[in-house]
Amino acid sequence: MSAKALVIYLMSGPGMPELAEAAVDGGADILELGFPFSDPLADGPVIRAAGEKALAQGMRTQACLDGLAATRARVGETPLVPMTYASLLEAYGWERFDTDARAAGATGLIVVDVPAGERTEIRRIQLVAPTSTDERIALAASETDGWLYLVTLTGTTGARAEVSTALTGLAERARRLAPAVPLYAGFGISTPEHAVAAAEHTDGVVVGSRAVQVAEEGPAALRAYVASLREALG
């Protein structure tokens, strides 16, 4: 993996395997694969619209798992992390989902609306935000799977004009409380300049809304966009 990890988010859809391959070709180290949900509270307008489109295309849980398996076949050993909401797992079955997702090629899992300390039988990547207490950050870091997701701002996903100034303090606290856990920052990172600014304080960055927008233009556009981020991060 490169010195600074580059995580790219894509919404599960019929074209996801080809887009995922393009993102990896462009330099993505990890792929987050959104499993659409009808009421995605953490998502801004871009990812919400992408989720609605995916649902309209018939992307229910089994179709998303099939897409995950097809993606795994295209991207070799690249880590693949489904990202979704608790209601989807409640409907499908928590342990069943974990088993089936990993059988399809998942290397991790993010459940946006389940905090650390709950559903501890399902190992997953934990999220913390600027509003998280030190106690909450320490708990999340102790339970997280591989890396800790730093939400750079309070609010929903979406491109912003600049990286939130709250990231610096959050990263400093997380580093102090969990010095051995890799820290990746997401929410509001959309340009190479944003990626570099966020990576000054973290071990990697997550790019979501802008990647989803570019993916609408096709694999070639996504590959070029990801390559621009990769070049900036070194």
Side-chain angles (χ1 to χ4, degrees), residues 6-26 28 30-72 74-75 78-89 91-92 97 101 104-106 108-113 125 127 149 151-153 155-161 184-191 194-195 205-229:
L6 175 58
V7 185
I8 297 294
Y9 174 100
L10 298 171
M11 179 60 68
S12 295
M16 182 182 70
E18 185 179 6
L19 290 166
E21 185 175 22
V24 172
D25 287 346
I30 299 170
L31 297 177
E32 281 182 19
L33 306 179
F35 279 35
F37 174 58
S38 58
D39 189 22
L41 297 178
D43 292 325
V46 170
I47 293 179
R48 183 179 288 267
E52 291 172 354
K53 178 180 178 181
L55 290 171
Q57 292 171 322
M59 297 303 295
R60 304 301 187 264
T61 303
Q62 187 56 58
C64 291
L65 290 170
D66 292 344
L68 170 61
T71 300
R72 168 56 67 212
R74 283 179 174 255
V75 301
T78 302
L80 301 177
V81 182
M83 183 173 186
T84 191
Y85 289 81
S87 291
L88 184 149
L89 276 72
Y92 191 86
F97 182 90
L109 175 64
I110 297 174
V111 188
V112 178
D113 53 347
I125 296 162
L127 293 83
Y149 195 133
V151 177
T152 65
L153 44 83
T156 59
T157 61
R160 302 294 200 278
Y184 298 172
F187 284 51
I189 298 171
S190 60
T191 69
H194 291 167
V205 299
V206 184
V207 180
S209 293
R210 183 58 185 153
V212 169
Q213 285 180 318
V214 176
E216 288 289 326
E217 302 171 24
L222 181 63
R223 184 183 302 109
Y225 171 66
V226 174
S228 72
L229 297 169

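These numbers come from the heavy atoms of this one structure, side chains and all, not from hydrogens, waters or symmetry mates.
- Listed here is the closest heavy atom pair of A86 and D113: N-OD1, 2.8 Å.
- One distance of note links CG of L80 with CD of E32; it measures 11.0 Å at 0.5 Å rounding.
- Nearest approach of E18 to R74, heavy atoms of both residues: CA-NH1, 3.8 Å.
- Contact annotation: the side chain of R72 never approaches that of P17 to less than 4.5 Å [non-hydrogen atoms, C-beta and beyond].
- Inter-residue side-chain proximity for I110 and Y9 is flagged as unmet; no heavy-atom pair is nearer than 4.5 Å.
- When all heavy atoms are compared, the tightest approach of V226 to A28 is CG1-N, 3.7 Å.
- Of the inter-residue distances, the one linking Y184 atom OH with L6 atom CG reads 10.5 Å to the nearest 0.5 angstrom.
- Annotation: F97 is in aromatic contact with F35 [ring centroid separation under 6.0 Å].
- Annotation: the span from T61 atom OG1 to L88 atom CG amounts to 3.5 Å, rounded to 0.5 Å.
- For the atom pair OG1 (T152) and NE2 (H194), the distance works out to 10.0 Å, reported to the nearest 0.5 Å.
- The two residues L222 and A211 come nearest to each other via the heavy atoms CD1-O, 3.8 Å.
- One finds the CZ atom of R48 at 10.0 Å from the CZ atom of F37 (value rounded to the nearest 0.5 Å).
- The main-chain N or O of G34 is found under 3.5 Å from a side-chain atom of S12 such that the two form a donor-acceptor pair.
- Residues C64 and P36 form a side-chain contact, since some pair of their non-hydrogen atoms from C-beta on lies under 4.5 Å apart.
- Heavy-atom minimum distance, P82 versus L68: CG-CD2, 4.2 Å.
- Here the side chains of V205 and L229 are not in contact, with every heavy-atom distance at 4.5 Å or above.
- Across all non-hydrogen atoms, the minimal contact from L10 to A215 is CD2-CB, 4.2 Å.
- Put simply, the side chain of R223 never gets that close to the backbone of V24: no donor and acceptor are under 3.5 Å apart.
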Kindly determine whether R210 and Y225 satisfy side-chain contact (heavy atoms from CB on, under 4.5 Å), including the steps that lead there. CA-CA 9 Å; R210 183 58 185 153; Y225 171 66; 3.1 Å; yes

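- Between the CD atom in Q57 and the CE atom in M11 there is a gap of 10.5 Å [rounded to 0.5 Å].
- When side chains are defined from C-beta on, L89 counts as touching L109, because their heavy atoms get closer than 4.5 Å.
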